[in-house]
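Below: one structure in structure tokens.
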Amino acid sequence: MEEAISRIITELVEISRFDGRTNPQSQPPSLSEHFLLDLQLLVDNTNDSEAMDSLYEELSSKSLYPSALIHPIASAMDSGSTHLSLLAAKVFLSLLLSPNAPVLTLFTPMSFLSFLRSIRQSFKHRTEGHPGPDEQSHGSQTEINRKRKVGGRGRVSRKNARNSQNNDNVGEESEVDLRVLFSLLERLELVMGLIHLDRFPDCLKSLIQTMAKIPVISLDLWGNLGSYNKLTSICSRVLGEVLQPEHGDPANTAAEVLKSLSSLILMPKSQARTFSLGFVTNQMMAVAREFDEVKKAVVNLPRYLVQKAPEKSELRALAVESIMEIVGVMEYKDQIRFVQYVVKMTQGKVSLRLLAVDLILTLVMSLKDPLGVNSEAEMKDSWGIWCLEALIQRCSDVSAGIRARSLSNLAQLVGFLSGDGGSRVCMKEVMGFGKGGHNVEASMNGLLRKRCMDEKAAVRKAALLLVTKLTALLGGTIDGMVLKSMSMACSDPLVSIRKAAIAALSEAFRKFSDETVTTEWLHSVPRLISDNESSIQEECENLFLELVLDRISRAGSADISRNGSIYSKNLKAKSLDRDMEMFFPEGVLYLLKGICNGEVTPWVKKICTNLGKKKRLKHKIAIALQNIIRASESLWLSHSMPIENWMAPPGVWFLLSEVSVYLPKVVDWEFLHHHWQFLDKYGMEGECKSSFVHGEALDEEDSIECNSIAWAGDRVFLLQTIANVAVELPAEAAADLAHNLLKRIEEFNMHLTEVKAHVKALTTLCKRKASNLEEAEALVLKWVHQVLSKASQILEKCISEDLRDNKNSNFLTPPRSLNRKDRRSVVMSRLLSEAIAAVYSIGSLVIVCPSADTTTIIPLLYTIITSGNPSSSLNKLPGPRISLKQTAPSLYIQAWLTMGKLCLADGKLAKNYIPLFVQELEKSDSAALRNNLIVIMADFCVRYTALVDCYTTKITKCLRDPCELVRRQTFILLARLLQRDYVKWRGVMFLRFLLSLVDESEKIRQLADFLFGNILKVKAPLLAYNSFVEAIFVLNDCHAHNAQSDSHGSRTESQLFSIRGNDEKAKSQRMHIYVSLLKQMAPEHLLATFAKLCAEILAAASDGLLNVGDVTGQSVLQDVFHILSCKEIRISSTRASSSEAADIEEEGDGGGASVAAARGRAITQAVRKGLIQNTIPIFIELKRLLESKNSPLIGSLMECLRILLKDYKNEIDDILVADQQLQKELIYDMQKYETAKAKVTAAEAVATMQKSSSYQSPGVPDPASKTQGQSKLKCKLVTDSKVASAMADAAAAATARSVLKEVNKGIMASPLSSLRVPKAKSCRVGSSSGVDRPVDVLESLRRRQSFDSDEEN
């Protein structure tokens, strides 16, 4: 020991003798490692306290204080060597902990700061300077590769050798460092009990920051969780010791600790975050119970974290979780104060509002009794009510991200609180449900309507989710407009929105079975079976199976017969309709009726087909449908109603016909046979009655006709069902049925809707009962020829009778007897009915048997369809001629339809007759025939694409047909053909479709918006951009430019597909089309369109290629000015990213936001460059041209230029930097134009005010309305300083004019000083006596002819 003390003293003396003043550049000698080891040996020898006393005595003998040890040790701790620094730090703490140590002498602030610095540096050195084993091997391999690249020089080899030698020592050194670090931190904990840091605030702050930083920087050092937990446990104990009063004010210390830990709390999920939260919620809360100052700091920590919370969604969610973990351990009153603070946050800036919305959700779901259901206080004082009201208010926030987040969080709260009855009542009251006289727009329903139609997809999706959750809460009827909004959302272009809408509407359908919800669901969800997204198709199938088929299966269960016997005991007291509702609950009858709706039927068929192919149709649905029909018939008879008037519930036979295709064995043949005989017997009687009864009561006739159609529909579906189960029919029954069907077909007296079903059923029976395919085809061909022969005879007879009637009407002068004429008309009526059925039957037969011989049929049909043609051979008879087109329009139309079916079966026939179809389509005055011809031409486009291609422009003329049905049919069919590429978007096709955007029919406008906004935007994204300039010329019917040099069609067609004129309606329609096209363009295409408009139209006008004197040319220029001025084409710095900003904000994707911002800046630069290079010179040149011709377009040009440069007022110097004179002229012209415009506005306002005061009725005026109107006008005009100034000038000019007129008429006026407002024209005419004005003033007023300045002229 004495030798160690001697070495220590010797080295200290040498260090103390160093004088930096003699040689300032020299470094003081540093402590050697042996010195620190000797000193540590002395300190560790705790059993021999005399050794330390001897050391202090030796120091005193050398005139050295004990503090002389501290300065060199601090220097060693600041040294670059980690090993030496840690050894010095250990010695420093050991000295403080040694027995009888002079702690106050040995402890200095600088040495303690050096100690803390050495701790931080050691951790940093370990994370940055010493790689792990994997990194070491990777680094070595990198050095080897580098050595190979440079050729293996010796210097590099020696360097690599040194590196490898150093790396060999890393593992051993890291193990030593770990033990030393743990030892140091444990000794530091002991030292904290010896020293008081209240006098050293810097040391205290540094210690807190170091302890908070160690868990972060040591995250990657230990793979062993136990070692890391031990480290954080030591740090936690040190921080807990710091909170003691002897180290300073607990409030300040707690604030510093929490501030240092806040960054750890807001970190992503890690061990450091867990450590910090655990320390705050456990140790600090324990201290807070003892010290109110610490409690105040902890209570304020959540508010501090709110201000520091990150904006990214994931980190924000973790911040909310951390905040709530801290709030959860606070006292109840402190929690309420924090809730109040969060509610106030909802009125703050965007980031705070977004965080508050998330906090409200977690607060309500985490804290107990949020709505005060179990408390004695009033509900309105509950903190949960405050949160709900604030959240509902944020659902209408200006930020789309906050709106979406609020709606989704509110949906979660509704689902969370709906489980409790009391909470459910409170929520309904807060949301305004069930309040009488409540303002609809301010209620939850009004909010849902707006948000379901929001412009942002995330908001719409969240609103639909909220509607889904609210469905269970309502318990009554759902708002009709909300239902409409959900129905419209089912057609949203985004898949996620459609899925959310389906879920919301289906949930409403589960809860409410009323007619409104059923109708909306049936018209919205089943149609999505044709959606492009397969997952939506599957969801549609599942929902239809659950909500329709399973519900019908339950209603038609086997217990229905037992229920019938119960209800039959009290039949007299109840109506039939009520009994039907009791038989079939859950709105099954209305559901079945809705299924057979014409708009729903196609989708139901497709759904049943998909379910049947997947073998998901269950037997019980077919059984239930048969039970419903039986029960309905039984109930009808039990009410003593006549059986001939009975009909099955609407939709039952239709659904049975669809499911029986895949469930043929489940349908009972006896059941089908019974109802076929019933419908055949009573249906024919009703049909005959409806055909020949001429009663006086119109209501009765209408009822009979509707009943006949319903009977026919049921027979059609029953026949389809029979055809579906034909394989299962007995042989005799099938033969009898086939004979009956053939007999019915040959009589030609059925309703047209039944003909096709009879033909199809008979064909199916023949094919399924035949032994092979050839036998089946021969059998079908045999009876088809038989029917065609009889149909041909009927047509020949009808045509010959028509010729004879015309002949008799031409040559017989005396009138025939009335009785004979009536009998003749009845016979002709019956013959005509048979001819119509025969023609329709021919078409149906050709479809099922295309190979049938129709050589005798075609001439007859040709005779009918050309009967109205002046060149027809039938019209060559002398005398007046009445064609079949006029006498039998139904036969005429059916003949065209049948001829179309024949052409579809025979290509040679189609080649000859297609021009005839086109001709009839152009000249026909029957909307029904034109509609059918459009359908035929669409089929021709599919079958004979090349033949019909040249007639496409003639087909598109029907887009401007006077009949709405024809226009809609044409639009739908052509759009379908365009999507399938049977028709191309070339020529005038696209341009003619544009007018559908402004069609008179709202349905057509909606279809056009969907086509252009959804389908074409994906299928042909460049179509709007490529055709935009040409569309301007076509819509204005302008042919003064080369864009229309190759225009198709005649002058009449071009006028038909144009919107000419400068009236407001025409201009607004054209602008609507332009805006719709601009909305489909990407930002880069908008920029290119801007350049094309300037280069191809404005530049052409300035060069004289476009006649600005022509009316259509002026319309084109005016449209271009309006387009360049509209907001849809202007690409500001935020245009490119604005549409994505809300979604990015909702997702919290900072990377996406930066990319969008960069893209917006690039587009802004491109816009400025375009303005510099193209726009300004063209506008200046065009302005000079228009001024030289005194064109009325100058105002539109200046307004356009003003709007374009509105966002670039600060950059005008850069835009016009090359020509300062031009810059001044442009600014002057703009100012002049704005001043003139302001004066015109002011003059109109003054004139209006003068009129209102001059032309009042003699009656008592209404001063309130007068004052109110004038005040509104003044408030509107005075907002602009230029307008206000111009108003003053105009008022003064008007006053002066009135004075001049009075002077010229010799009327005395008031003195000029008293004139404050324009004076009304006087009614007196007299002498000029009494004029008291100076003569020179009046003379000067006479000499001045005009009060308008040069600018006004």
Side-chain angles (χ1 to χ4, degrees), residues 716 719-720 722-724 726-727 734-735 737-748 750 752 754-796 834-865 894-917 932-933 935-948 982:
V716 168
L719 278 173
Q720 292 179 2
I722 293 174
N724 295 335
V727 179
L737 179 62
H739 177 73
N740 192 2
L741 293 175
L742 181 59
K743 182 180 177 181
R744 288 290 308 275
I745 295 172
E746 290 178 341
E747 291 174 354
F748 300 112
M750 292 183 294
L752 296 184
E754 298 181 73
V755 174
K756 184 178 178 181
H758 279 71
V759 171
K760 182 180 178 181
L762 183 55
T763 305
T764 305
L765 280 172
C766 293
K767 290 182 177 180
R768 294 188 177 181
K769 288 301 179 179
S771 58
N772 53 57
L773 182 60
E774 294 180 357
E775 180 183 351
E777 291 180 353
L779 189 60
V780 170
L781 190 61
K782 179 180 178 180
W783 67 261
V784 166
H785 283 160
Q786 181 180 339
V787 176
L788 287 177
S789 176
K790 293 187 178 182
S792 175
Q793 295 175 6
I794 292 176
L795 287 181
E796 288 180 355
E834 291 179 356
I836 293 173
V839 171
Y840 188 86
S841 300
I842 292 170
S844 300
L845 293 172
V846 170
I847 291 177
V848 299
C849 186
S851 60
D853 184 11
T854 57
T855 54
T856 60
I857 301 293
I858 295 174
L860 298 174
L861 293 177
Y862 177 79
T863 303
I864 297 174
I865 65 178
Q894 291 298 332
W896 278 106
L897 281 173
T898 302
M899 183 60 77
K901 295 174 183 177
L902 290 173
C903 291
L904 288 172
D906 188 353
K908 294 181 180 180
L909 188 67
K911 187 175 182 180
N912 296 328
Y913 278 86
I914 283 178
L916 199 61
F917 281 93
N932 289 327
L933 289 175
V935 177
I936 294 173
M937 294 303 296
D939 291 336
F940 287 165
C941 284
V942 177
R943 184 69 61 88
Y944 313 112
T945 307
L947 293 176
V948 185
Y982 287 109

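Nothing fancy with the numbering, it's 1 onward along the sequence.
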What is the minimum heavy-atom distance between V755 and S844, and which atoms define it?
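V755 and S844 have their closest heavy atoms at CG1-OG, 4.1 Å.
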Listed by chain and number, what are the side chain to side chain donor-acceptor pair (under 3.5 Å) partners of D853, not counting sequence neighbours?
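Listed in chain order: T855.
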Quick one: closest heavy-atom pair of L795 and A835, and the distance?
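Scanning both residues, the minimum pair turns out to be CD2-O, 4.0 Å.
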If you look at every heavy atom in A905 and V846, which pair is closest and at what distance?
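Heavy atoms of A905 and V846 come nearest at CB-CG1, 3.7 Å.
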Can you find a pair of side-chain heavy atoms, one from I936 and one from M899, that are under 4.5 Å apart?
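A side-chain contact is absent here, since even the closest heavy-atom pair is not under 4.5 Å.
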Backbone N or O of L902 within a donor-acceptor pair of the D906 side chain at under 3.5 Å?
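The answer is no, because no donor-acceptor pair under 3.5 Å joins these two groups.
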Less than 4.5 Å apart, any side-chain heavy atom of I864 and any of Q894?
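Heavy-atom side-chain distance check fails, nothing below 4.5 Å.
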Has H739 got more than 12 heavy atoms of other residues, nucleotides or ligands less than 6.0 Å from its NE2?
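Incorrect, the count does not exceed 12.
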So how far is it from I847 CD1 to T763 OG1, rounded to the nearest 0.5 Å?
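Going from the CD1 atom of I847 to the OG1 atom of T763 covers 11.0 Å.
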What verdict does the side-chain contact (heavy atoms from CB on, under 4.5 Å) test give for W896 and L916, after you've listed the backbone C-alpha separation in whole Å, the side-chain angles of each residue and the deciding distance to 0.1 Å?
CA-CA 10 Å; W896 278 106; L916 199 61; 3.8 Å; yes
How far does CD1 of I722 sit from NE2 of H758, to the nearest 0.5 angstrom?
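Spacing of CD1 (I722) from NE2 (H758) equals 9.0 Å.
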Ignoring hydrogens, what is the shortest heavy-atom contact between L781 and S851? Give both atom names and the distance.
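Result for this residue pair: CD1-OG, 4.2 Å.
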Dump the intermediate steps for side-chain contact (heavy atoms from CB on, under 4.5 Å) on E747 and E834, then the final yes or no.
CA-CA 8 Å; E747 291 174 354; E834 291 179 356; over 6 Å; no
At what distance, to the nearest 0.5 angstrom, does CG of N912 lie from NZ of K908?
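So the CG of N912 and the NZ of K908 are separated by 10.0 Å.
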Does any N or O in the side chain of S841 come within less than 3.5 Å of the main-chain N or O of A837, such that one atom is a donor and the other an acceptor?
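Judged by distance alone, yes, a pair lies under 3.5 Å.
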Hey, could you give me the OG1/CD distance between T856 and Q793, rounded to the nearest 0.5 Å?
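That separation rounds to 9.5 Å.
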Test side-chain contact (heavy atoms from CB on, under 4.5 Å) applied to F917 and V948, step by step:
CA-CA 11 Å; F917 281 93; V948 185; over 6 Å; no
Around atom OH of Y862, are there more than 12 heavy atoms of other residues, nucleotides or ligands at under 6.0 Å?
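Atom OH in Y862 is not packed in, count stays at 12 or less.
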Enter the distance from L861:CG to I842:CD1 here, rounded to the nearest 0.5 Å.
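These two atoms lie 5.5 Å from each other.
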Is any side-chain heavy atom of L741 closer than 4.5 Å to a side-chain heavy atom of L719?
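A side-chain contact exists here, since the closest heavy-atom pair is under 4.5 Å.
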Distance, nearest 0.5 Å, that separates CG of L845 from NE2 of H785:
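Answer rounded to 0.5 Å: 10.0 Å.
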Could you tell me whether the side chain of F748 reaches within less than 4.5 Å of the side chain of V839, counting heavy atoms only?
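A side-chain contact under 4.5 Å is absent here.
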I would like to know whether M937 and C941 meet side-chain contact (heavy atoms from CB on, under 4.5 Å); could you show each step before the answer?
CA-CA 6 Å; M937 294 303 296; C941 284; 5.5 Å; no
Does a side-chain heavy-atom distance below 4.5 Å link R943 with D939?
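When only atoms from C-beta onward are counted, D939 and R943 do not touch, as no gap falls below 4.5 Å.
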Shortest non-hydrogen contact between L904 and Y944, atoms and distance:
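Distance-wise, the nearest heavy atoms are O-OH, 3.2 Å.
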What are the two closest heavy atoms between T898 and G843, and how far apart are they?
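Closest approach of T898 to G843, heavy atoms only: CG2-N, 3.6 Å.
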If you look only at pairs with a residue in residues 775-793, which of them pass as a salt bridge (charged side-chain N to carboxylate O under 4.0 Å, His left out), with sequence neighbours excluded?
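Counting only pairs at least two positions apart or across chains, the salt bridge (charged side-chain N to carboxylate O under 4.0 Å, His left out) contacts touching residues 775-793 are E746-K790.
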Are L947 and F940 close enough that some pair of their side-chain heavy atoms sits under 4.5 Å apart?
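The answer is no, as the side chains (C-beta and beyond) never meet within the 4.5 Å cut-off.
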Think K901 forms a cation-pi with Y840, using NZ or CZ under 6.0 Å from the six-ring centre and within 45 degrees of its axis?
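That pair qualifies as a cation-pi contact.
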